[in-house]
Structures are given as structure tokens and as C-alpha cells.
**Student:** 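This is the structure I want to talk about, given as C-alpha cells.
By convention in this document, chain letters (A, B, ...) are assigned in the order of the sequence lines, proteins followed by strands, and residues within each chain are numbered from 1. Predicted, not measured: the structure shown is a model, and the values here were computed from it.
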Protein chains: 2
Amino acid sequence: MGVTKTQNFTQEQNQVATYAKALAHPARVAILQYLLKKQTCICGDLVEELPLAQATVSQHLKELKAIGLIKGTVEGTSVCYCIDQHKWEEVRDVLLNLFSSPIACQDSCC
Amino acid sequence: MGVTKTQNFTQEQNQVATYAKALAHPARVAILQYLLKKQTCICGDLVEELPLAQATVSQHLKELKAIGLIKGTVEGTSVCYCIDQHKWEEVRDVLLNLFSSPIACQDSCC
DNA sequence: AACATTAATCGTAGCATTGCGATATAATAA
DNA sequence: TTATTATATCGCAATGCTACGATTAATGTT
């Protein structure tokens, strides 16, 4: 085993899970925070910023790129990364939607 | 290797990652959605609701309980689960805080 | 052309996650 | 007490994730 039974859950449930997984590592959160602050940066900046080897940073960037949260543009020998605003808002909205549900019971349950 | 270098990241980055990881599986999202809708339920309800074996459901419940998002109360032979409102709001706020940062550049970057 | 710089990819090691059957535990019911 | 019901935990198998050194690929520089 070891494989999530994706097909048995709703699209929304899988979407939340997918987006949450992208945020489920401090390095990826750090990358996003850095991009939010600097607007744009090259891979090398992140390698200096993060306590990880170049190969590892590149791998995290690949994951963020895979779900579309960031995009990279080749600029000479460097690659310039930035957040994809549209996807960023979509992820925010999907997560917000989950948390927007009111909690009916308040400590009185169970 | 294979261990996240937690100690080299900020508390906020680790917190986002930890909370996101809890949401990073459709079964756990489904559990939370079910609890939001029903307010409260016993483990057996979730076993019927989810396409997973009892042992697996129990394991996902354990993870959600571990970070404090849900709490369980023994009621006879059953265990009644519900969302911990305080933690729920904390998770929401931590994630919201990340997404509240304005994105300065708009497609013009890179 | 030869070299340097930058980033991606490969290969591998090790731990983590998912899933489930089987078993253990705990409370109630007969 | 014995059986029943409801959960949790154990042990295992399969897969995924994290990390990094080494290599490759692509571009720029001399």
C-alpha cells in the first residue's frame, strides 16, 4: 500500500489536500514568503537564503511550479521566479472556503 | 536523509507547514468537512462515510487529534469527535496570515 | 574553442505516510 | 462471566518525501 485513494474523494477534498501539501514543508513556505517580500528572485538567491543544498531547493521549486503556484523564466544562465497571482488567489480561496464554514457547536459537543 | 530540517526555519514557517500537512490528505479534509456539517459524530460514522478501513480512519483521526484540530470524548464504547473551535480558528488565522500579504508584482515579473 | 556560471536532473539513502488485517483494549449487554 | 460492540494499536508492505553529491544542460565569458 502507501497510495492515497484519491478517486474515492470529492474534487474539492483532493484540491484542498493538493494545495495544502504544497504548503506542508517549511522550505516551500519560506520560498513563498521570500517571493512575497521580494516580488521576484533567482534560484541562487533562494539557495543562499535557505539552509538547504542547491539540488534540494531546486526540487522544492519544482513542486511549487508543478501545481502552478510559482513560475520561472529563464534569464541568461539564471532563472527568475515569481508567484503566479491567479493560482495564489485560487489556493487562498479554496482554503478559505473550507474555513468559512461556521462551527455550529462550541465546546458543548461530545 | 529524509528528515525535514525543521530547526533551520522560523516558527511561523514550521507552523504553516505543520497545519498544512494536517490538511494534506483528502480523508482528513473529508473528516473535517463531515464534522463541520454534523457538528459531532462517532468514529463509526466516519468509517461508514469514508472509503477506508476502520484502522485507517482511526489513524487519520489520531493525526488530527495530535495537532489539536479535533478532540474525542469517550461515550460508552464509542468515541465522540468534534472540532476544537479554538484550534480551528488558529489554523485558519495562520494560513490566512500567509495569504494576506499583497502580491506586489502582477504578471510583470520575470 | 575552452572555461565559468547557473540551474535542473539523476541516483541513492533514509525516514515518513498510507493502508489494512489482525489483535488488543475497554465498555456495555446478555 | 461471557459475549458483543466500538476503537485503538501493532506489524507489515508499498509508496512517497526529503536531502544531497554528482552529473548534465544551457548560457555567457574569455
**Student:** Rounding to a whole Å, what distance do you find between B/I42:CD1 and C/dA27:C1'?
**Tutor:** 13 Å
**Student:** Between C1' on D/dG16 and NZ on A/K62, what's the gap in Å once rounded to a whole number?
**Tutor:**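 So the NZ-C1' distance, A/K62 to D/dG16, works out to 14 Å.
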**Student:** Check B/L35, B/T40, B/L64 against B/I83 for a side-chain contact (heavy atoms from CB on, under 4.5 Å) and give me the one that passes.
**Tutor:**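 It is B/L35, the one option of B/L35, B/T40, B/L64 that forms the side-chain contact (heavy atoms from CB on, under 4.5 Å) with B/I83.
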**Student:** Which is true for A/T56 with a 4.0 Å heavy-atom rule: it touches a base, it touches only sugar-phosphate, or it touches nothing?
**Tutor:**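 Result for A/T56 = base.
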**Student:** Nearest nucleotide by nearest heavy atom, which residue falls closer to the 5' end of DNA chain D, B/S78 or A/R28?
**Tutor:** B/S78
**Student:** Go through B/N14 and B/Q7 one step at a time and tell me if the side chain to side chain donor-acceptor pair (under 3.5 Å) criterion holds.
**Tutor:** CA-CA 9 Å; B/N14 282 308; B/Q7 69 286 359; over 6 Å; no
**Student:** At less than 4.0 Å, is any side-chain N or O atom of A/H25 found next to OP1 or OP2 of D/dA19? Yes or no.
**Tutor:**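 Yes, because at least one side-chain N or O of A/H25 sits under 4.0 Å from OP1 or OP2 of D/dA19.
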**Student:** Determine yes or no for a side-chain-to-main-chain donor-acceptor pair under 3.5 angstrom, with A/R28 supplying the side chain and A/K21 the backbone.
**Tutor:**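 Yes, the answer is positive, given that a donor and an acceptor are paired below the 3.5 Å cut-off.
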**Student:** Which part of the nucleic acid, if any, lies within contact of A/A53, taking any heavy atom under 4.0 Å across all strands shown: a base, the sugar-phosphate backbone alone, or nothing?
**Tutor:**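 Sugar-phosphate: the residue A/A53, judged by heavy atoms under 4.0 Å, touches backbone atoms but no base.
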**Student:** Give the rounded distance in Å between these two atoms: CG of A/L50 and C1' of D/dA19.
**Tutor:** 13 Å
**Student:** Check the phosphate of C/dT17 against B/K21, side-chain N and O only, distance under 4.0 Å to OP1 or OP2. Yes or no?
**Tutor:**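 It does, given that an N or O in the side chain of B/K21 lies less than 4.0 Å from OP1 or OP2 of C/dT17.
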**Student:** Could you check which of D/dA22, C/dA8, D/dT7 has an atom nearest any side-chain atom of A/Y81?
**Tutor:**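 Closest nucleotide among those given: C/dA8.
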**Student:** In terms of side-chain heavy atoms of A/E63, which of C/dT9, D/dT18, C/dT18 is nearest?
**Tutor:**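 Looking only at side-chain atoms, A/E63 lies closest to D/dT18.
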**Student:** Treating Ile, Leu, Val, Met, Phe, Trp and Tyr as nodes and any side-chain heavy-atom pair under 4.5 angstrom as an edge, say whether A/L96 and A/V91 lie in one connected cluster.
**Tutor:** no
**Student:** Closest heavy-atom contact between B/A17 and A/V29?
**Tutor:**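 So the two residues come closest at N-CG2, 4.3 Å.
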**Student:** Rounded to whole angstrom units, what separation is found between the CG atom of B/L61 and the P atom of D/dA8?
**Tutor:**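 Interatomic distance, CG of B/L61 to P of D/dA8: 6 Å.
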**Student:** Without decimals, in angstroms, what is the distance between A/L64 CG and D/dC17 P?
**Tutor:**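 So the CG-P distance, A/L64 to D/dC17, works out to 13 Å.
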**Student:** Rounding to an integer number of Å, can you tell me how far B/L46 CG sits from D/dA6 P?
**Tutor:**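 Atom-to-atom, B/L46 to D/dA6, this comes out as 14 Å.
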**Student:** Between A/T77 and B/T6, name the one whose nearest nucleotide on DNA chain D is closer to the 5' end.
**Tutor:** B/T6
**Student:** Go nucleotide by nucleotide along DNA chain C from the 5' end; which of B/Q54 and B/H60 gets its closest nucleotide reached first?
**Tutor:**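 On the 5' side of the pair lies B/H60.
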**Student:** I want to confirm an ordering. Mapping A/Q59 and A/D45 to their closest nucleotides on DNA chain C, which one lands closer to the 5' end?
**Tutor:**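 By nearest-heavy-atom nucleotide position, the 5'-most residue is A/D45.
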**Student:** Whole angstrom is fine here: how far is it from CD1 in A/I31 over to P in C/dA7?
**Tutor:**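 About 13 Å, once rounded to whole Å.
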**Student:** From the list D/dT7, C/dA7, D/dA19, which nucleotide is the closest neighbour of the side chain of B/V79?
**Tutor:**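 From the listed options, D/dT7 comes nearest.
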**Student:** Round to a whole Å and report the spacing from CD1 of A/I70 to C1' of C/dA8.
**Tutor:**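 Computing the A/I70:CD1 to C/dA8:C1' distance gives 13 Å.
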